[in-house]
Protein chains: 2
Amino acid sequence: MQTRSIRADARRNRDLLLAAAMDVIAEEGPNASLNEIARRAGVGPGTLYRHFPARDALLAAVFEGRLARLCTRAEEMAEALPPGEALIAWLRLLIAHAMTDHGLGARMMLTTSSAEADCSATLRDVADRLLGPAQREGSVRADLDFADLVELTAGIAQAAADPVRAERLLMLTLDGLRTAAEPTAGALGAVETGTTGRVATPRQERE
Amino acid sequence: MQTRSIRADARRNRDLLLAAAMDVIAEEGPNASLNEIARRAGVGPGTLYRHFPARDALLAAVFEGRLARLCTRAEEMAEALPPGEALIAWLRLLIAHAMTDHGLGARMMLTTSSAEADCSATLRDVADRLLGPAQREGSVRADLDFADLVELTAGIAQAAADPVRAERLLMLTLDGLRTAAEPTAGALGAVETGTTGRVATPRQERE
DNA sequence: ACCTGAACACCGTTCAAGT
DNA sequence: ACCTGAACACCGTTCAAGT
């Protein structure tokens with residue numbers, strides 16, 4: 001009496017929907033037609049909306065599987081490599097991940113809403129597990145934040161046309177564009193302004 | 001006999017369309033409804049398609065105005081500031097630009113197609129005008145490319161939720177995430193690999 | 001309980017018909 | 001020449017009706 005056959009059907013429909021969604025999204029990206037997904041799963045559109053009331057709920061469900069794999073890999077890296085290298089290797093993985101399915105990964109990484117399937121929290125735990133040691137080791141800036149890594153990574157993934165460009169952008173980001181930290185002229189007190197967020201626009205600053 | 005009144009009408013419709021597009025895109029972003037734009041311009045949808053056969057053509061037209069301003073500012077900065085500072089100030093401007101209209105700027109900066117209104121070429125000229133001097137001065141990496149700047153900039157704009165986050169990400173990108181260039185263990189010859197683009201994947205990394 | 005699929009308002013795009 | 005706007009196929013979303 002605990003599990004009804006009707007429930008089994010619902011469960012089966014959910015699985016069909018999810019499988020179809022993975023296929024269609026892989027082909028068409030995160031804006032794929034929901035009706036098409038329902039059609040390919042062999043159910044009516046209403047059934048899709050019953051299981052996934054909003055598009056992001058469906059995307060999050062697809063995203064979860066990949067996220068699990070990403071966490072496993074993070075553990076492996078934390079054990080196999082020195083902290084700094086582990087973090088960088090994982091960032092590389094994160095970028096590859098964000099580039100799959102026409103940017104579904106990046107979209108899910110950046111979206112703060114859809115708290116129901118909170119991928120963001122899981123991601124944060126994993127990232128902190130790698131970031132902390134790397135910072136203590138001194139191979140990475142101490143003021144780095146989880147959000148910094150996610151945003152820089154997602155940005156690179158969205159802007160890069162292919163994995164080669166992505167790798168290039170990652171290396172630039174790790175090493176920085178500047179050659180030195182000296183502000184051209186004498187020692188203005190402006191060296192540290194970078195960390196404070198907004199900086200005065202250079203308007204009347206002539207010659 | 002050179003200019004017909006009919007032409008004046010066509011011209012006027014184009015202007016109406018463009019003005020409406022600027023409004024609607026500012027409100028709804030680059031995926032705004034084309035029918036809605038035509039409606040607000042007071043013309044039929046067919047007229048819109050006559051003047052702008054593809055969505056990107058319309059977006060490019062909207063983009064052109066802002067691009068012109070961006071070029072003017074670049075000239076001003078090149079004259080008023082030392083090369084390194086001018087480049088950075090302009091990058092900041094580029095990011096702000098890429099964040100307007102719900103990401104229209106970033107989309108146009110990254111899209112290589114739609115060669116008709118080649119914003120990309122204009123942008124490239126301006127960027128090179130600032131990048132070259134900054135590199136000769138030595139304040140910025142010598143191997144930096146125009147594409148690097150555009151992609152990093154567009155990536156930051158797309159990933160940042162607000163201008164404060166964007167400024168933070170820009171500063172991180174300028175200075176780099178790493179604290180030092182030493183590869184953890186002894187002096188492998190790997191210090192310079194960052195500049196070569198693709199780097200060997202860390203051994204057993206599959207998938 | 002869960003599913004269905006017709007129905008609604010909208011979209012992008014086209015094209016015969018007008019002027 | 002240029003414009004119109006009805007028309008087509010599609011979309012996201014809902015909801016009475018079924019089982």
Side-chain angles (χ1 to χ4, degrees), chain A residues 1-62 101-102 104 107 111 113-114 116, chain B residues 1-62 101-102 104 107 111 113-114 116:
Chain A
M1 283 286 256
Q2 290 161 341
T3 48
R4 312 287 286 263
S5 62
I6 290 184
R7 281 225 178 135
D9 246 37
R11 163 81 182 167
R12 190 172 151 276
N13 273 338
R14 215 196 98 106
D15 292 345
L16 286 173
L17 247 1
L18 208 50
M22 286 175 52
D23 286 354
V24 177
I25 288 173
E27 292 169 18
E28 316 265 357
N31 292 322
S33 159
L34 298 182
N35 280 352
E36 168 68 18
I37 291 174
R39 215 173 294 132
R40 201 163 326 180
V43 305
T47 305
L48 186 150
Y49 279 88
R50 161 166 291 269
H51 288 285
F52 306 100
R55 163 173 244 117
D56 269 3
L58 181 59
L59 294 182
V62 172
D101 291 351
H102 303 79
L104 165 63
R107 174 166 167 169
T111 197
S113 65
S114 88
E116 47 184 9
Chain B
M1 282 288 255
Q2 289 160 344
T3 47
R4 314 285 286 262
S5 62
I6 290 185
R7 280 221 179 136
D9 246 38
R11 164 81 182 167
R12 190 173 150 275
N13 273 338
R14 214 196 99 105
D15 292 345
L16 285 174
L17 248 0
L18 208 50
M22 285 175 55
D23 285 354
V24 177
I25 288 174
E27 293 169 16
E28 316 264 359
N31 292 321
S33 159
L34 298 182
N35 280 353
E36 167 68 17
I37 292 174
R39 215 173 294 132
R40 203 167 318 185
V43 305
T47 305
L48 185 150
Y49 279 88
R50 162 166 290 269
H51 288 286
F52 306 100
R55 162 172 246 118
D56 270 3
L58 181 59
L59 294 182
V62 172
D101 291 352
H102 303 80
L104 165 63
R107 176 166 166 170
T111 197
S113 65
S114 88
E116 47 184 7

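Treat the numbers as computed from the prediction; the structure is a model and nothing was measured. These values consider heavy atoms only, across backbone and side chains, with no hydrogens, waters or symmetry-generated copies. Reminder, nothing fancy here: chain letters follow the sequence lines and each chain counts from 1.
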Checklist entry - Is any side-chain nitrogen or oxygen of A:Asn13 closer than 4.0 Å to OP1 or OP2 of C:dC2? => result no
Checklist entry - For B:His51 and D:dC2, is the shortest distance between a side-chain N/O and OP1 or OP2 below 4.0 Å? => result no
Checklist entry - What string of B, S and - do you get for nucleotides 14-19 of chain C, 5' to 3', when a contact is any protein heavy atom under 4.0 Å? => result BB----
Checklist entry - A:Ala10 side chain: which of D:dG12, C:dC2, C:dG12 is closest? => result C:dC2
Next on the checklist: Applying side-chain hydrogen bond (donor to acceptor under 3.5 Å, both in side chains), can you list everything that pairs with A:Asn35, at least two apart in sequence or on another chain?
Outcome noted: none
Measure [atom1]/[X] against [atom2]/[N] and give the value in whole Å, please.
{"X": "A:Arg55", "N": "D:dG12", "atom1": "CZ", "atom2": "C1'", "result": "8 Å"}
{"X": "B:Phe52", "N": "D:dC3", "atom1": "CZ", "atom2": "P", "result": "11 Å"}
{"X": "B:Leu16", "N": "D:dC3", "atom1": "CG", "atom2": "P", "result": "10 Å"}
{"X": "A:Arg11", "N": "C:dC3", "atom1": "CZ", "atom2": "P", "result": "13 Å"}
{"X": "B:Leu48", "N": "C:dC11", "atom1": "CG", "atom2": "P", "result": "13 Å"}
{"X": "A:Arg50", "N": "C:dG5", "atom1": "CZ", "atom2": "C1'", "result": "14 Å"}

Item to check | Non-neighbouring partners of A:Arg12 that pass side-chain contact (heavy atoms from CB on, under 4.5 Å), sequence neighbours left out | outcome: A:Leu16
Taking salt bridge (charged side-chain N to carboxylate O under 4.0 Å, His left out) as the definition, give me every residue that meets it alongside [X], ordered by chain and number, with sequence neighbours left out.
{"X": "B:Arg14", "answer": "none"}
{"X": "B:Glu36", "answer": "B:Arg39, B:Arg40"}
{"X": "A:Asp23", "answer": "none"}

Under 3.5 Å, sequence neighbours excluded: what are the donor-acceptor pairs made by side chains of residues 41-54 of chain A?
none

Taking all heavy atoms of [X] and all of [Y], pick out the closest pair and write down the distance.
{"X": "B:Ala26", "Y": "B:Asp101", "value": "CA-OD1, 3.4 Å"}
{"X": "B:Ala61", "Y": "B:Leu18", "value": "CB-CD1, 3.6 Å"}
{"X": "A:Arg107", "Y": "A:Asn31", "value": "NH1-OD1, 3.1 Å"}

Checklist entry - Dot-bracket for DNA chain D, 5' to 3', with Watson-Crick and G-U pairs under 3.5 Å, [ ] for crossing pairs and | for other-strand pairs: what is it? => result ||.|||||...|||||.||
Next on the checklist: So if I take residues 19-43 of chain A and measure heavy-atom distances to DNA chain C, which residues fall below 4.0 Å?
Outcome noted: A:Val43
Item to check | Full working for side-chain contact (heavy atoms from CB on, under 4.5 Å) between A:Leu17 and A:Leu58 | outcome: CA-CA 9 Å; A:Leu17 247 1; A:Leu58 181 59; 5.5 Å; no
